[in-house]
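Any value given below was found using the heavy atoms of this structure, including those in side chains, with hydrogens, waters and symmetry copies removed. Lettering follows sequence order; numbering is per chain, from 1.
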2 protein chains.
Amino acid sequence: MGYIRHSRAGGNELSGRKETLKFDEIGEFGFIESIKNECITTLKDVIKGIGDDCAVFGPYSGRVLLFTTDMLVEDIHFVKAKITPYQLGWKSIAVNLSDIAAMGGRPLILLISLAIPSEMDVEIIQDLYKGMKDICEHYKVNIVGGDTVASPDKLVINVSLIGDAKENEVLYRSGARAGDSIYLTGNIGDSFAGLKILKKEISPSEPIASHFIKIHNEPKPLIETGMAIAASGFANAMIDVSDGLLSDLGHICKESDVGAILFRSKVPLSSELKLLASREKFNPLKLALSGGEDYILLLTVPQINIKDFEIVCKDKGLLPLYLIGKIVEGKGIKMVNDDGSLEEIDIKGFNHFSPSLL
Amino acid sequence: MGYIRHSRAGGNELSGRKETLKFDEIGEFGFIESIKNECITTLKDVIKGIGDDCAVFGPYSGRVLLFTTDMLVEDIHFVKAKITPYQLGWKSIAVNLSDIAAMGGRPLILLISLAIPSEMDVEIIQDLYKGMKDICEHYKVNIVGGDTVASPDKLVINVSLIGDAKENEVLYRSGARAGDSIYLTGNIGDSFAGLKILKKEISPSEPIASHFIKIHNEPKPLIETGMAIAASGFANAMIDVSDGLLSDLGHICKESDVGAILFRSKVPLSSELKLLASREKFNPLKLALSGGEDYILLLTVPQINIKDFEIVCKDKGLLPLYLIGKIVEGKGIKMVNDDGSLEEIDIKGFNHFSPSLL
């Protein structure tokens with residue numbers, strides 16, 4: 001729920017034709033700010049509206065509902081030649097499941113809206129559904145309906161997912177406190193490397209190319225991990241890494257009104273990514289920080305809970321788990337370099353790395 | 001939830017290029033049949049999956065959840081020149097609210113997914129949201145989130161709505177029984193006349209043109225009426241007239257495994273539609289039967305309940321209410337003409353009247 005990918009670079013040019021702003025000029029977050037007021041007409045039962053991975057609603061018998069949606073548009077989020085219909089179906093549901101994982105919830109039912117170009121082969125849509133059904137079966141989620149409409153040209157997929165959670169276990173973006181340790185539940189950057197290979201920006205040989213492409217096209221949302229972390233009661237805040245580590249940590253910092261420090265040497269990179277980077281001569285950390293679509297979890301844990309938390313994670317088989325930084329007072333994200341020096345990170349400066357999926 | 005509009009006529013041509021079916025060739029309902037299996041992975045809590053106005057889920061504390069979604073695609077469901085952004089926002093939510101009304105439910109929260117062409121003026125999207133917020137305020141529904149993405153060219157709007165209802169009050173399409181009377185809660189055909197005016201297929205003078213266009217562009221979903229009918233306990237089945245009377249009655253017949261007889265003289269037409277039809281020389285009944293997007297309710301009531309039902313409706317101010325036919329054993333829909341003769345209706349024969357929204 002809640003991200004945008006632009007298919008074109010730039011977008012700040014002033015056309016001078018009209019005095020009105022183009023959508024491109026204010027971007028997703030500017031736009032959301034501009035429409036945020038008056039969306040809630042009655043506070044009854046609404047625990048969280050716009051601004052987290054899922055809306056939270058209820059409680060019903062001590063549990064609350066989680067409600068999320070994601071839209072994938074052809075030639076923006078995917079290109080037919082670079083993902084199989086099966087993978088596209090899988091992924092369109094995975095990105096929603098990951099939003100439920102990010103709140104510590106259990107996914108339950110979903111609706112699928114498809115806008116289908118009339119000339120499209122039915123077989124493609126059936127393969128798409130095969131991928132959708134397989135991931136739903138894997139995570140015990142029911143497809144309970146949807147809407148099927150014609151499209152003039154592009155395939156558009158929208159999934160809406162309801163999950164639930166114990167009311168006192170839900171983990172918000174806004175829960176981080178100064179002093180918390182920041183954890184990642186897995187490596188980052190492999191998905192973005194996969195995207196760069198798909199875009200032919202880098203062209204490693206097989207099977208290394210397939211490794212990264214598979215990670216990009218078939219994400220595995222961490223439902224069990226998210227539920228176990230939420231149930232442990234040790235974490236303060238959680239988000240899934242879908243926009244990129246810096247961007248998603250930035251969301252936690254903004255919603256929690258805190259800053260963060262990252263330990264450069266602790267950001268977890270796969271051996272495959274390091275190898276690829278040395279061969280293709282790019283900085284793997286830079287790619288990992290700005291990448292996105294990793295669909296692992298980023299969470300913060302108060303100092304007092306760290307020992308117990310790490311024990312629980314080990315016991316429950318939630319490893320790997322990487323301590324990558326600290327939440328601090330103030331604003332912004334800084335990086336501790338290997339020599340101990342502190343470097344300010346301009347998140348906006350990372351925007352030119354941000355992936356379009358083309 | 002669940003309808004398709006084709007922007008182009010035809011679609012049964014065989015290209016011969018490939019052996020695979022095109023989406024156009026099997027249509028929405030053929031497609032839904034082909035993907036329906038294996039969508040439910042666990043029956044726990046799922047009362048109704050694919051095949052009604054909303055999915056039904058729960059219960060939570062004696063109530064069940066209703067879950068519906070509708071997608072509107074530019075140049076398929078709307079043309080920017082023929083509807084204001086405010087009206088488009090209103091309508092995109094109204095069509096979902098009407099699905100909740102059709103089950104007798106109460107709407108609660110919704111998510112909005114938008115795919116926005118980068119070059120689109122922000123003001124248009126803000127006006128769209130204004131219409132969305134106004135209808136939500138009117139029906140006491142909360143907008144709790146969504147997804148905002150870029151689109152290569154067309155504006156796409158997807159709304160996902162959760163409502164709830166008392167478990168024993170929900171009205172399904174599958175509840176109709178032979179002997180039931182069929183009721184409509186309002187006139188039909190005006191919306192389709194509005195569409196024909198927008199498409200310039202007919203060009204009446206003002207203000208009559210505005211009357212029909214307003215009905216087409218600003219539907220008023222019958223939430224209160226649907227809830228009162230459900231609460232009365234007197235009805236067996238209900239649906240909203242979104243695809244057209246014949247098509248929607250056909251859905252009830254199919255799901256309930258019954259047939260229907262319509263009384264030609266009882267199908268309610270507005271005086272405005274009759275006037276327009278006489279001036280523009282078309283058959284208003286034919287237009288009304290096949291039109292669609294009326295967003296009134298079609299319901300069936302067992303003989304034994306009719307008196308009480310009509311009294312309740314009068315007491316609760318649910319009039320107008322029109323008894324237009326009977327549910328019978330068998331299949332298909334027949335029409336009783338004014339001379340008492342019975343005419344078979346070929347619903348498929350009405351397809352060439354079916355509206356594309358262009």
- Query: So what's closer than 4.5 Å to chain B heavy atoms on A:I124: side chain, backbone, both or neither?
  - Reply: neither

- Note on the structure: Value for CG (A:L111) from CG (B:D70), rounded to nearest 0.5 Å, stands at 10.0 Å

- Task: Test A:F67 against every option in B:I109, B:L108, B:L161 by the side chain to side chain contact (heavy atoms under 4.5 Å, CB included) rule and name the one that passes.
- Result: B:I109

- A:S151 and B:V156: CA distance, side-chain angles, deciding distance, side-chain contact (heavy atoms from CB on, under 4.5 Å) verdict: CA-CA 10 Å; A:S151 170; B:V156 182; over 6 Å; no

- Item | Closest contact, heavy atoms only, A:T69 versus B:D147 | O-CB, 3.7 Å

- What closest approach, in Å, do B:M71 and A:V149 show between heavy atoms, and which atom pair accounts for it? O-CG1, 3.8 Å

- OG/A:S160 to CG/B:L110 distance, rounded to the nearest 0.5 angstrom? 10.5 Å

- Please report the shortest heavy-atom distance between A:V73 and B:P152, naming the atom on each side. CG1-CD, 3.6 Å

- Minimum heavy-atom distance between A:S113 and B:N158, given as atom pair plus value: OG-OD1, 2.7 Å

